[in-house]
Amino acid sequence: MATKGSNSIHRSSSRPLLDLSKAEIQGNVEEKYPTILLPNQSDDLSHLALDIGGSLIKLVYFSRHEDQSTNDKRMKILKDKLGILNGNRRSYPILGGRLHFVKFETNKINECLEFIYSKKLHCGGWESHHSDSTNDQNAVIKATGGGAFKFADLFKERLGISLDKEDEMDCLVAGANFLLKAIRHEAYTHMEGQKEFIQIDPNDLFPYLLVNIGSGVSMIKVDGNGKFERVSGTNVGGGTYWGLGRLLTNCSSFDELLELSQKGDNRTTDMLVGDIYGTDYPKIGLSASTIASSFGKATLENKELEEYRPEDISLSLLRMISYNIGQISYLNALRFGLKRIFFGGFFIRGHAYTMDAISFAVHFWSKGTAQAMFLRHEGFLGALGAFMSYEKHGLDDLMVHQFVERFPMGAPYTGGKIHGPPLRNLNEKISWMEKFLQKGTEITAPVPMTPPGTTGLGGFEVPLSKGSTLRSDASALNVGVLHLIPTLEVFPLLVDPKMYEPNTVDLSDHSELEYWLTILSEHLPDLVDKAVASEGGTDDSKRRGDAFARAFSAHLARLMEEPAAYGKLGLANLLEMREECLREFQFVDAYRSIKQRENEASLAVLHDLLMELDSLDEETRLLTLIEGVLAANIFDWGSRACVDLYHKGTIIEIYRMSRNKMQRPWRVDDFDAFKERMLGSGDKKPLPHGRALLFVDNSGADIVLGMLPLARELLRRGTEVVLVGNSLPALNDVTAMELPDIVAEAAKHCDILRRAAESGGLLVDAMTNTLDGSKEKLPSVALMVVENGCGSPCIDFRQVSSELAAAAKDADLIILEGMGRSLHTNLYAQFKCDALKLAMVKNQRLAEKLVQGNIYDCVCKYEPAY
Amino acid sequence: MDPRRAETGKNSDQIQSGHVYHLALDIGGSLAKLVYFTKNDEHIVGSEKKKSPMKASGISNSSRNSPVLNGRLNFKKFETSKINDCLEFINSMKLHLGGVYKIVMIAMVMNAGCQQPESPGSQTITIKATGGGAYKYADLFKEKFRISLDKEDEMDCLVAGANFLLETIHQEAFTYMGNQKQFVWIDKNDLYPYLLVNIGSGVGMIKVEGDGKFERVSGTSIGGGTFWGLGKLLTKCKSFDELLDLSYRGNNRAVDMLVGDIYGGMDYSKIGLSSTTIASSFGRAISENKERDDYKPEDIARSLLRMISNNIGQISYLTALRFGLKRIFFGGFFIRRHPFTMDTLSVAVNFWSKGEAKAMFLQHEGFLGAVGAFMSSDKHGLKELLANQKVERPPSKLSFSLDQTQVPQQDGELNGDESIECSVYGA
């Protein structure tokens, strides 16, 4: 299975980007997704494919980042314990590869050529590749679209690459299949201005009807990968709209015509049912406003063309053509028994009215039984398909849970709109952000409205530009960068992964969205301060802090304007976006110093706490432990209310105060049920759990005084404990990387923890002792640490690290702690094992909404295995 | 002013036995269509000899003795925008009604002044009418000529008209492909179900399963009104007919993007499209830096016509397929027996059905509604008029025997005026 050396005969010429010499599969070949090691390949290697259309050039390219593997002893022991096959597992999941989507206008093809050149997309790893002369042979890039012929010479001349033309329809279908299978919430419906994202079950995708609206319209029945047939079409398409529109108005561009339609009123040109009957025609279900005859009104009046408003004509044309396409599409879907219809092609361009009109037609003619669906990446179907036509890119087999879409600054421009220069590095990005702010309103898409300031720039307003200049693509959806993370898996303990929805708070409710956007916005200055401080407050960090604040404000502004801009949005996504945005501006860990300080302070009093606990009887102890977890959960830098509290007292003071206020019953109080499971009633002693997964939340008191003592109790009862921490920092959440040190420190105060940690491989230095002199002591159940695969304060159980998935296999208890993981997400999640959800509600609105309570109320939700 | 009517009035309880004068109207968005029955003078003489004649003034003469009315079913069109012409025409007919030997009947029952027979000035005539204009112009008719329009449902009329024509008239249906017109013999007993596509300003598609049994199952707003409306805006044409004329001389290649334009003159055989297939109607109007005036109106008209016909043909076929209907009849004023229109519709149906379905047309395609409205007078009097006839006929139907059809000289004839020689039997 090891890949052969490079420059082999047949298709290698079409894949010049990977140097496959000395390639070998690393690790166990039985592994699900073995990593192919390409030692002769430069780190930033890329694939590129093009779709050169009449008006736009679309690029899809893949960049892959080799990561440093951390194969330390600890990981090895952990893997043995969890039964993970030894492979090149990544310690950081946010690596792997990235799929980028970029657009250029065809008449500005030079920009495109420059972009390719500057990113070295045309030569991939060639520059680091010094071997034989076969280098000189032309690279071949997959391309589709009419321009693949037209510009072939230009590409050859300027970049020395040959374009290998792929069939358009093949590409279209391959692209659509890939997107619908691999991208969560790729498809959406659009009715009366409302977008709703639809999750398609990849196993229940086929057959479907793909309607591609270009100049003409093709209707393709898709039965599977590479299995499709053009079953119908119509000559009344985008070309008709633009052609007739040009003849009837003085518009000089398609977009201008489309924009005109926004202000149109088709009643002046169309003959409506009301015009004929003076009223509805209810007998056949036609309302007075139904169009009886497109442009029919023009027959009744002796008006010259010039007497009609071009806006009205444009709208009338748009409705005529959209309705017609919707109708014929529905009839064809019906004919071939296809339950889903997806619309794509340049005619749509994310234009809200066009989508509404098509949706209306499908809804109308199907009497509500069918829905028109659209694709977020619809402009990139062809380019993506061309990309897929490369052999062995390995993307075919990837599943939806292995993709994470990110929206770095610049992506909204290059992916969504065509703006800005290619950004090569962070410095360019920051400069561009600075310029971008000055130009402000001139640039479409996100517009940060706050004035330039120093560190701590915050605030958030809706862009003023809306309304006055309605863009034809006002509702255009952003296309982010797709991160491909092959190691992500679906959490195996979910009862029904298909029905699982992580988000508790649905931001499609506008007031909800507004509330949370405001919260994030208000929190921004403080976050920037922390972030800058975490890097020593250098000038560079201040500059990056400003850029981050601008970028994140822009994201928020964009979301306020178009809530669906980034796909289906839950609170978890919003919080994660903030973390991603921080990382984008290279703030690795904004709360680093705070976390350290709090950990130290908490560890200092841990010993006393453990003594106190050990003096209690079993039942009281359990209650005290749970109280402790809830009380310690107050230390949350993500909560504004708590941040205010910190200024009023020391950590320990707050913790004690918090614990004293723990009055049962809590707002949600299943403690008795949990106690029953743990301790039983009467003489019946239940079997202890075999393995518990503890999803930990914040650093400091939360982990040290709350969760560790609980873990210790479980260990004492013979339950193996796996602490599940974040893979990447998010707020003051404790990460999987930090946990071993905290445990090691805590183990100094506690024998139970020490032995369990040794057994779990957390105390590497002590390992030799254990291995050599273990005979004298009973082997303890293990305390282990795994990363969860994410870098967000929340957790999406559809995408967790393979380590966590492996650890979950033998687990029969999971404990989710903190607002992010047990309230914002997963409050309603159902698991195949016992689950305890513990959190203190540190937000008034959330408390009212979720538990009909108040701020600082507690949730102790216990659910036996489903 | 009209003595005959006055006389009729006296006879009002007996539904104008002698002179039930039929005229029916179908006032559409663009055209107003009239159907009326005139008694043929010569034939009157003839029938009077043969059978119990129907006297022109036959007030007291019972029509029960006259089983046959020989005469002429006349068809006439007006542009709706010139509704006054239509009114004048009807008004002039009224004058004729007073004439001694000319019996005008059909399509409308004139309840001449039932209430106030003695004061002709206040008489109100009721005419069967259908089409949207029957509502819209009701006041106008009333004000100007004291004609009250008795509104019949448009679709009822359409279907009744089509059913009647297809069942009764021998050479009513025909196919038209490549300049070949071929009459299709329709077995009366195997007529239903069929799809009736009525192309007026908009297009209605009706599934017909029998007399009075039908449902509007589909339609499209891209119809005759679109052709004429867009055509008017894009060319300087003054009338629908002029636009049609133009289209006949045009070449759509100048404005349409053909499959060959995209694939460099080659067919895209992979998906079965020939190079001359239209890939995008008006799609070429985008790629060239030409203004509207640089295009020939003929070409624009042609392209429009093909776009619309093609589209209607396609949706019709898909709809027929959906409901399992084997026959598709196209009617409505858009067609006007214009060969190119029919050809395009036929080609579209042929193309999309891969030859399995054929488009059929009706000789009287523009008058379905009017004929239907005419037939509807059945309910209100004609039936009674002929109720006691001994001739064995389905009781609820008028029967026509077609003696002779005056087919217009050529198919391309745009003038809708024509007539059918016929006899009316009692039910």
Side-chain angles (χ1 to χ4, degrees), chain A residues 54 146 149 167 169 214-218 229-230 232-244 246-248 254 269-271 273 275-279 281 283-285 290-302 304-305 308 313 319-320 323-324 327-328 331-332 334-335 365, chain B residues 28-30 80-81 131-133 135-136 153-155 200-204 216 218-226 228-230 232-234 240 255-257 262 264 270-273 277-287 291-292 295 300 306-307 310-311 314-315 318-319 321-322 352:
Chain A
F149 279 133
D167 180 81
M169 214 164 291
S215 296
V217 182
S218 283
E229 185 191 355
R230 183 189 193 276
S232 194
T234 162
N235 48 308
V236 186
T240 313
Y241 175 60
W242 175 210
L244 274 174
R246 227 181 74 84
L247 295 178
L248 291 165
F254 181 87
T269 45
D270 288 347
M271 187 188 285
V273 166
D275 292 327
I276 303 178
Y277 296 95
T279 170
Y281 192 8
K283 184 180 174 186
I284 51 174
T290 305
I291 303 175
S293 170
S294 293
F295 288 93
K297 198 164 266 178
T299 65
L300 303 179
E301 303 167 318
N302 278 320
E304 295 295 312
L305 176 57
Y308 291 94
I313 288 175
R319 289 187 71 168
M320 171 178 105
Y323 284 177
N324 196 59
Q327 181 178 14
I328 295 178
L331 286 171
N332 276 298
L334 200 67
R335 174 178 181 187
W365 291 111
Chain B
S30 319
T80 305
S81 55
Y135 295 84
K136 196 169 176 184
D153 179 79
E154 193 172 1
M155 217 161 295
S201 297
V203 182
R216 182 189 195 272
S218 193
T220 163
S221 71
I222 306 180
T226 313
W228 176 210
L230 277 174
K232 209 169 146 186
L233 297 178
L234 289 167
F240 183 89
V255 282
D256 287 349
M257 184 187 284
I262 302 177
K270 186 180 168 187
I271 52 174
L273 295 180
T277 306
I278 302 174
S280 172
S281 289
F282 289 90
R284 270 188 100 143
I286 67 174
S287 50
E291 293 306 309
R292 183 169 68 251
Y295 295 96
I300 288 176
R306 283 201 66 171
M307 173 178 102
N310 218 351
N311 198 61
Q314 180 179 14
I315 295 179
L318 286 169
T319 304
L321 198 69
R322 175 179 179 186
W352 292 110

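Everything quoted here is computed from the prediction, not taken from an experiment. Letters go in sequence order (proteins before strands), and every chain restarts at 1.
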- Message: Please classify the contact between B:L321 and chain A as side chain, backbone, both or neither, with a heavy-atom cut-off of under 4.5 Å.
- Response: side chain
- Query: So, A:S294 versus B:S221: side-chain donor-acceptor pair below 3.5 Å or not?
  - Reply: yes
- Looking at side-chain heavy atoms only, is the closest gap between B:T220 and A:Y323 below 4.5 Å? no
- Side-chain contact test, heavy atoms from C-beta onward, threshold under 4.5 Å: evaluate it for B:K232 versus A:N302 and give yes or no. yes
- Message: Contact between B:I222 and B:V203 at the side-chain level, heavy atoms closer than 4.5 Å - yes or no?
- Response: no
- Portion of A:M271 that has a non-hydrogen atom of chain B nearer than 4.5 angstrom: side chain
- Task: Select one option (side chain, backbone, both, neither) describing which atoms of B:T80 are under 4.5 Å from chain A's heavy atoms.
- Result: neither
- Message: Only pairs of heavy atoms separated by less than 4.5 Å count here; which of A:G214, A:A292, A:G216 has the most with chain B?
- Response: A:A292
- Contact origin within A:Y308 toward chain B - heavy atom pairs under 4.5 Å: side chain
- Query: For residues B:D256 and A:N235, is any side-chain donor paired with an opposing acceptor at under 3.5 Å?
  - Reply: no
- Message: Quick check for you: among B:S81, B:G202, B:S281, which has the greatest number of heavy-atom pairs under 4.5 Å with chain A?
- Response: B:S281
- Side chain / backbone / both / neither for A:E301 at chain B, heavy atoms under 4.5 Å: backbone
- Message: If I measure from the heavy atoms of chain B, does A:L334 come under 4.5 Å with its side chain, its backbone, both, or neither?
- Response: side chain
- Note on the structure: By side-chain hydrogen bond (donor to acceptor under 3.5 Å, both in side chains), A:S232 pairs with (sequence neighbours left out) A:N332, B:Q314
